[in-house]
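A short worksheet on the structure shown next.
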Amino acid sequence: MGISSSGASVLVRQAGELIEQAPGGIKLVDAVELVVAWGRANSVWPLVYATSCCAIEMMSTIAAKHDLARFGYEVMRASVRQADMIILAGTINEKMAKNLVTLYEQMPAPKYIIAMGSCAISGGPFYYDSYYVIKGGDRLVPVDVYIPGCPPRPEALIQGILQLQEKIKKEGRRNPWKVRETLQVPFEDIFSKAQAEWASREKQRDEESREAREQFKRENAASPASKPVRVKKEEFPVVPSRKPAAQGISNWTLLQMLQEKFPAIEVYSHPGITPKQVAELGPDYILDLVVPSEQYRNFAEYVRNEQSLGLDMLIQLTCVDWKDSFDIVVQMLSCRDGHKLFFRSRAEKDPATGDAEIATISDLYLGAEWHEREVYDFFGVRFRNNADLRRIFLENDFPGYPLRKDYDDPTRVVKRPY
Amino acid sequence: MLTAAETEKNGKKMITESLSEYSLDANTLPEGFRLPPPEDEEAEEFFVNIGPQHPSTHGVLRVVVRLNGETVVEVVPHLGYIHRSIEKMAENQTYVQNIHLSDRLDYLSAFSNNLCLCMAVEQALDIGVPERGEYIRLIICELQRLQSHLLWWGVLGMDMGAFTTFFYGFRERELINDLFEELCGARLTVNYFRPGGSSVDVPETFIPRVKHLLNIMPKVLDEYSNLLNKNIIFLERTKNIGILSPEKALSYGSTGAVLRGSGINYDVRKNDPYSIYDQFDFDVPLGSVGDSYDRCQVRMEEMAQSLRILEQAVARFPSGPHRSQPQQNYKLPKGSYYSQVETPRGLLGVYIVSDGGAKPYRLKYRSPNFSNLNVLNELAAGHKVADLITIMSTLDLVIPDIDR
């Protein structure tokens, strides 16, 4: 109240000051202010802003059972210019951060932020090891109410909203709303710090209880010491696993068919294995082939075009970093018959930069394009002739390739201490 | 980047960084667009940005749409607004610690995600699950499918401008959530299954409460059909809108109701049965045209089929232990393991590469939504921009699962 510099509110303020000077005017202005504060507290319009899991609990809160409308908060606005409050429901990451700040700036003051759930409070489960999650919404925008939980229950959100109402009701000309600072603390390994504190406290407690025990012994020398009782451990059976029935074409038939065409292929981690020995690996073994990288594209093309193999769907294309090279793993599935086939190809790392290159299969499988972009984004493997090889998740100027084993960025990552 | 407080304090004008990003000259297209500029002189092409903060994108999806008048020419989704580096974090945690992160991928199918990860560990270590444990898994996964589809149905109506469905859908969803809460203390991010069974046994009241739900649900599904699925506006906005051909569906790797709506009969529960799905009698609903309407009908019918499975499971729910002997540390032998389940949204795969340690060397989630979103451009091109929202809704996307 009273911070906007628009003409109308200047008039109101001047009128208020005039009335205040009249005898008994202060009481009148106070009374008006109470009414205004009550009205404002009960008609806060939140922005529809939700990023992840907490959004579902926010929806539950709005829905019939919990009914947020009871508190005048049901008018969810799609545009921030019509809203007074943002409920940060979910994780904020680096790419979203820019957006959140813009949204906050676009919101007319007085404006409020509720941090719902542990991600918005401190990064929550993503505090350690995550290279992309902002460790708390209050590092970007000033937060008024924090609601713990992962996700908080609808009742907790309602409680948080009531807290905000209390806060708004206290605002007035003596205690006006103002922009507050954001949190400017470097992030660190809180766990180890807390652990050291707990350990010292525990030691102190142990000492105290030992003293108490000895004192008890001294005072009651006659009574025998009681035996410690151990809770009986729950026993569970060891059950044999259920073996699934084999689906579709068997592994050894597949291997035979493919080895006829491509003699150079081998079975991963079973070098020199014959189709007969593959059959002995059991029905739940999925055939995993190593294809020489110069035949990788031809192999993929053959698998796609050969109808008798029946492998009609690409499950995924992914990558494993073996420190000296990358394995590009392609996983295929037969929707018709139910059998699967994995094949992999090695992409050698450039020793200086760690980059690698391999042929694309995105023109064979439409879905492979995004998978290849993902691998490029996380591992820096370039796919020759991929029409649209851009980063898919991270921003274009993100330094490094995070899923590589040697990735380390102390400005973003706090290492998990446990 | 300046924080909000700093900009306000310095009295600076609002920074709209996106402005410089999108001020394009006439010859360049925004990134990702492929079609050449129109040859037709009269075409009035322009670009509209939807999201990442937009109510109809179900979270933080951002799509840039190329429009000719009101007709969609091309759609380019931009991902990563909720990328949380779960796969990198997984490499630093044990398998049991990883279960809680899998909840947060696709929070509407948290149980299925748990199950998929546990199944990969079980497969590697040859751990079996007692019969009661399998029944618990199956019942809960089907309940999860119900609650996820209920939410989808509620939001589908909302995306078409009907707010009523939202309240109806959530009414029954709360019943199922209460069941979950009684079971494991959480409504959404459950962290419930463990390799070899589940963390705790179901309470005594569980089966009676499921039976109660089974009494309510058939009537409710009828009510839903009457309310929305026979509504003329709904039919007009879904029939023959966003047609996906079976070949395209396979080539993109889309799964779940998107694939079955296009008439391809693939359901992991039926074609590659895991847990004890092979002992149950249920049908896999299929679409014929592959339009938005078919995808909706497949999901509606899936709810009825889930009820069928639940009825059978509740009738023969066995007693006994709920899990096999837990281990201190699950150390997977060197090698790679893959398991897949049918979540409410499609095929979820977990691919684990182990170097023999207690933590995975690489853990990859094959997310169903990632491949399902990929078809958006195919579906929306040629339709009106309002239909784009309906199409996105019938794909039933959960964005954190895409970004991981």
Side-chain angles (χ1 to χ4, degrees), chain A residues 48-49 51-53 55-57 60 63-65 78 91 93 95-96 98-99 101-106 126 129-133 140-142 150-151 179 181-182 236-242 247 269 284 286 312-316 318 320 335 338 365-367 370 390 392-394 402-403 416, chain B residues 1 3-5 7-8 14 16-17 31-32 52-53 55 59-60 79-85 87-89 92 104 107 122-123 126-130 166-167 170-171 174 188-189 250-253 264 266 271-272 321 323-326 335-336 338 349 351 353 362 364 366 370-371 374 400 403:
Chain A
V48 186
Y49 180 86
T51 56
S52 53
C53 333
I56 305 295
E57 286 302 62
S60 293
K65 188 174 174 188
T91 322
N93 70 8
K95 205 170 181 175
M96 198 69 196
K98 216 191 285 179
N99 253 290
V101 173
T102 312
L103 285 176
Y104 185 76
E105 284 166 0
Q106 286 176 344
F126 306 98
D129 284 344
S130 178
Y131 51 82
Y132 216 47
V133 171
L140 302 164
V141 288
C150 191
V179 188
E181 294 288 324
T182 52
F236 293 107
V238 176
V239 189
S241 65
R242 277 165 52 93
Q247 302 282 333
S269 77
D284 56 344
I286 302 168
D312 42 13
M313 191 208 271
L314 176 88
I315 300 178
Q316 64 178 345
T318 184
V320 184
C335 281
Y365 301 98
L366 293 168
W370 277 20
R390 290 174 293 126
I392 189 164
F393 294 134
L394 309 180
L403 253 71
R416 179 178 288 266
Chain B
M1 190 182 66
T3 58
T7 43
E8 297 242 350
M14 183 185 76
T16 309
E17 296 189 31
E31 55 176 3
Q53 176 270 319
V60 286
L79 313 178
Y81 286 92
I82 186 69
H83 174 62
R84 301 188 276 191
S85 58
E87 283 169 14
K88 181 75 177 177
M89 293 170 71
N92 246 339
R104 284 157 183 82
Y107 36 77
E122 281 159 16
Q123 182 202 336
D126 208 21
I127 300 170
V129 184
F166 175 74
F167 291 108
F170 267 74
R171 188 184 60 190
E174 285 292 335
L188 212 58
T189 48
L250 281 173
S251 190
Y252 276 109
I264 290 177
Y266 187 78
N271 297 50
D272 190 4
R323 74 178 295 184
S324 59
Q325 184 61 39
S336 53
Y338 176 79
Y351 180 60
V353 179
R362 167 112 171 87
K364 170 81 169 76
R366 188 266 182 210
F370 186 75
S371 304
N374 210 340
D403 289 355

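The figures that follow rest on heavy atoms only: side chains count, while hydrogens, waters and symmetry mates do not. Order of the sequence lines sets the chain letters (A, B, ...), proteins ahead of strands, with each chain counted from 1.
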Quiz item: Are the side chain of K65(A) and the backbone of E174(B) linked by a donor-acceptor contact shorter than 3.5 Å?
Solution: no

Quiz item: Got K88(B) and Y131(A) here, is their nearest side-chain heavy-atom distance under 4.5 Å?
Solution: yes

Quiz prompt | I127(B) portion near chain A, given a 4.5 angstrom heavy-atom threshold | solution = backbone

Quiz item: Judged by modelled atom types alone, do T318(A) and R362(B) share a side-chain donor-acceptor pair under 3.5 Å?
Solution: yes

Quiz item: Say you draw a straight line from CG of D126(B) to OG of S241(A); how long is it, rounded to the nearest 0.5 Å?
Solution: 3.5 Å

Exercise. Measure the CG-CG distance between L314(A) and L250(B) for me, rounded to the nearest 0.5 Å.
Key: 11.0 Å

Self-check item: Residue among G335(B), S324(B), G349(B) with most heavy-atom pairs under 4.5 Å to chain A
Solution: S324(B)

Quiz item: Quick one: what part of P402(A) sits under 4.5 Å from any heavy atom of chain B, side chain, backbone, both or neither?
Solution: backbone

Quiz item: Can you tell if the side chain of Q316(A) reaches within under 4.5 Å of the side chain of S371(B), non-hydrogen atoms only?
Solution: no

Quiz item: Which atoms of Y252(B) come close to chain A, meaning under 4.5 Å heavy atom to heavy atom: side chain ones, backbone ones, both, or neither?
Solution: both

Practice problem: Name the member of I286(A), D129(A), L103(A) that forms the most heavy-atom pairs with chain B at distances under 4.5 Å. | Solution: D129(A)

Quiz item: Is a donor on one side and an acceptor on the other found under 3.5 Å between the side chain of R171(B) and the backbone of A64(A)?
Solution: no

Practice problem: Determine, stepwise, if the pair M96(A) / I82(B) fulfils side-chain contact (heavy atoms from CB on, under 4.5 Å). | Solution: CA-CA 7 Å; M96(A) 198 69 196; I82(B) 186 69; over 6 Å; no

Practice problem: Give, as side chain, backbone, both or neither, the part of N99(A) having an atom under 4.5 angstrom from any heavy atom of chain B. | Solution: side chain

Practice problem: State, with a plain yes or no, whether a side-chain heavy atom of N271(B) is found less than 4.5 Å away from one of C335(A). | Solution: no

Quiz item: So what's closer than 4.5 Å to chain A heavy atoms on V129(B): side chain, backbone, both or neither?
Solution: backbone

Quiz item: So do the side chains of S60(A) and F170(B) get within less than 4.5 Å of each other, counting heavy atoms only?
Solution: yes

Quiz item: Can I315(A) and Y351(B) be said to form a side-chain contact (heavy atoms from CB on, under 4.5 Å), step by step?
Solution: CA-CA 11 Å; I315(A) 300 178; Y351(B) 180 60; over 6 Å; no

Self-check item: Distance in Å, I392(A) CD1 paired with H83(B) NE2, rounded so as to fall on 0.5 Å steps
Solution: 11.0 Å

Quiz prompt | Check: K95(A) side chain, L79(B) main-chain N or O, donor-acceptor pair, under 3.5 Å | solution = yes

Exercise. Step by step, work out the side-chain contact (heavy atoms from CB on, under 4.5 Å) result for S52(A) and R84(B).
Key: CA-CA 11 Å; S52(A) 53; R84(B) 301 188 276 191; 3.5 Å; yes

Quiz item: Counting distance only, does the side-chain N/O of N93(A) pair as donor-acceptor with the main-chain N or O of G80(B) below 3.5 Å?
Solution: yes

Exercise. Go through the atoms of P240(A) and report whether side chain, backbone, both or neither lie under 4.5 Å from a heavy atom of chain B.
Key: backbone

Quiz item: If we only count heavy atoms from C-beta on, is the F126(A) to R104(B) side-chain gap below 4.5 Å?
Solution: yes

Exercise. Go through the steps to decide whether Y81(B) and T51(A) satisfy the test side-chain contact (heavy atoms from CB on, under 4.5 Å), and finish with yes or no.
Key: CA-CA 8 Å; Y81(B) 286 92; T51(A) 56; over 6 Å; no

Self-check item: chain A contact via P321(B) - which portion, at a heavy-atom distance below 4.5 Å
Solution: side chain

Quiz item: Between the main-chain N or O of F236(A) and the side-chain N or O of Q325(B), is there a donor-acceptor pair closer than 3.5 Å?
Solution: yes

